[in-house]
There are 2 protein chains.
Amino acid sequence: MLSEGAVNVYSHQLAARARVTSAQVRRDLMTVGYEGSPQRGYVVEDLLEAIGKRLDPPALQPVALVGVGNLGRAVLAFLRGRRPRLAITAAFDRDPVLVGGIVHGCRVYAMRDLPAVVSREGINVAIIAVPASEAQAVAMELVSTGIKGLINFAPVRLMVAKGIVVEDIDMTTALEKVAYFARQAVEEQVRK
Amino acid sequence: MLSEGAVNVYSHQLAARARVTSAQVRRDLMTVGYEGSPQRGYVVEDLLEAIGKRLDPPALQPVALVGVGNLGRAVLAFLRGRRPRLAITAAFDRDPVLVGGIVHGCRVYAMRDLPAVVSREGINVAIIAVPASEAQAVAMELVSTGIKGLINFAPVRLMVAKGIVVEDIDMTTALEKVAYFARQAVEEQVRK
DNA sequence: CGGTGTGAAGCGCTTCACAGCG
DNA sequence: CGCTGTGAAGCGCTTCACACCG
């Protein structure tokens, strides 16, 4: 909205963009602690800063990537430069051909270097982009080196110590879900 | 579980794997309509079939992919063969170098062929893997050809007619979320 | 006992609704 | 008026708790 030149914004405008209700937006902003005025709504720039203060990393937070296959490379390219303070600073793979090289601007290390690199760079978040059969083992290794958060692309429920945050990105399930509702929509259309 | 040779399973076992409570599992299975017995729990094979009958496509449901860049190719490779009745049967890109070729076993068409291919193959679900700046336009084009469900990888909230299902896969937000909680976990550790 | 199925209660997020204000 | 901030109500999903059963 900033780039569109907007200075002020009302809760119902934010609501429309986020596909929620205006009451929801106001509630959430209450949590953030930023207050608007009934006359002008919220000041876009200040609001952005207030949210950032609450949610953004205060300094560069390095991220590790494990698995530099098709998916890993795509993630590397996709995330690159998208969030200034969240960057994948180290990638790991067991393929000797990749190790030592640089992919999408990121250095690829051997799996055995994982503990050393993670502790040296102070990494506490990792992305798992390995085959499902290896995901659990990789997760355990990451957690044992001190990682606190995981993004998991493998279609497996990881078993990890509690206190470790796992966010699953399950494309297969997402596709099944959409396909299910799309079928319903088509059926409904036919019924008419 | 089938491949592990399990024949029967109790709700609390399923619960542990899915990281939910056993009551939740029993509730959900009530919805599915499959009944177990207190003695044997659920019969894995029958349960699988009952769930499939409720959720799986009755026949091959073709899916379109728009955008054959890094991400699109990774999605193509990842989804390939994962669900027998959900397959990406057509990919689209505006890059003339890709058009006419085959990527990960999937034919790549020009954007202009989209309506014809979608209607010929009876596609009702599409995956959007184009840059954020083009996602909205692509979504509108897809919807106008009759697509009912979308998976959207672009970090943009798509505005679509209601009745159209959109599932956002937002890696950036997922990473921010995990990074946030990982920071909290680290802080807590320091406090001790 | 240790399971399932399920009515009823619990709980937390979402929405309502309205005072307050320029 | 029209918008914000927020107490209170609403609403659904989740959990409890228990009858029933081999």
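Below, read A as the first sequence line, B as the second, and so on, with proteins coming before strands; counting in each chain starts at 1.
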Sugar-phosphate, base or nothing in reach of A/Ser11, heavy atoms under 4.0 Å: sugar-phosphate
Contacts table for residues 101-115 of chain B: side-chain donor-acceptor under 3.5 angstrom, sequence neighbours left out:
unit_1	atom_1	unit_2	atom_2	d
B/Arg107	NH2	B/Gly100	O	3.0
B/Tyr109	OH	B/Arg120	NH2	3.3

A/Glu35 CD to C/dC21 P, straight-line distance once rounded to whole Å: 13 Å
More than 12 heavy atoms from other groups under 6.0 Å of CD on B/Glu121: yes
Salt bridge (Lys or Arg N to Asp or Glu O under 4.0 Å) evaluation trace for B/Arg94 with B/Glu141: CA-CA 14 Å; B/Arg94 64 176 191 189; B/Glu141 188 170 351; over 6 Å; no
Gap between atoms CG and C1', on A/Leu47 and D/dT4 respectively (whole Å): 13 Å
Within 6.0 angstrom of A/Glu45 CD, more than 12 heavy atoms from elsewhere: no
Close side-chain approach of B/Phe92 to B/Val138, heavy-atom, < 4.5 Å: no
Joint hydrophobic cluster, B/Val20 plus B/Tyr10, side-chain heavy atoms closer than 4.5 Å: no
Interatomic distance where CG belongs to A/Asp28 and P belongs to C/dT14 [whole Å]: 7 Å
Cationic N near anionic O, under 4.0 Å, B/Lys53 to B/Glu49: yes
Under-4.0 Å side-chain N/O to phosphate OP1/OP2 contact, A/Tyr34 with D/dG5: no
Partner of B/Leu79 under side-chain contact (heavy atoms from CB on, under 4.5 Å), chosen from B/Ile88, B/Val63, B/Leu86: B/Ile88
Protein N or O to nucleotides 19-22 of chain D N or O, pairs below 3.5 Å:
unit_1	atom_1	unit_2	atom_2	d
D/dG22	O4'	B/Gln39	NE2	3.2

Rounded distance in Å - CD (A/Gln24) to P (D/dC11): 16 Å
Rounded interatomic separation in angstrom, taking CG from A/Leu14 and C1' from D/dT4: 13 Å
Intermediate values then yes/no, side-chain contact (heavy atoms from CB on, under 4.5 Å), A/Met171 and A/Leu71: CA-CA 11 Å; A/Met171 295 186 226; A/Leu71 188 55; 3.6 Å; yes
Distance in angstrom units between B/Tyr10 OH and C/dG3 P, rounded: 6 Å
Considering only nitrogen or oxygen atoms on both sides, find all protein atoms under 3.5 Å from nucleotides 16-18 of chain C and state each distance.
unit_1	atom_1	unit_2	atom_2	d
C/dA17	N6	A/Arg26	NH2	3.1

Interatomic distance, B/Arg19 CZ vs D/dT15 C1' [rounded to whole Å]: 20 Å
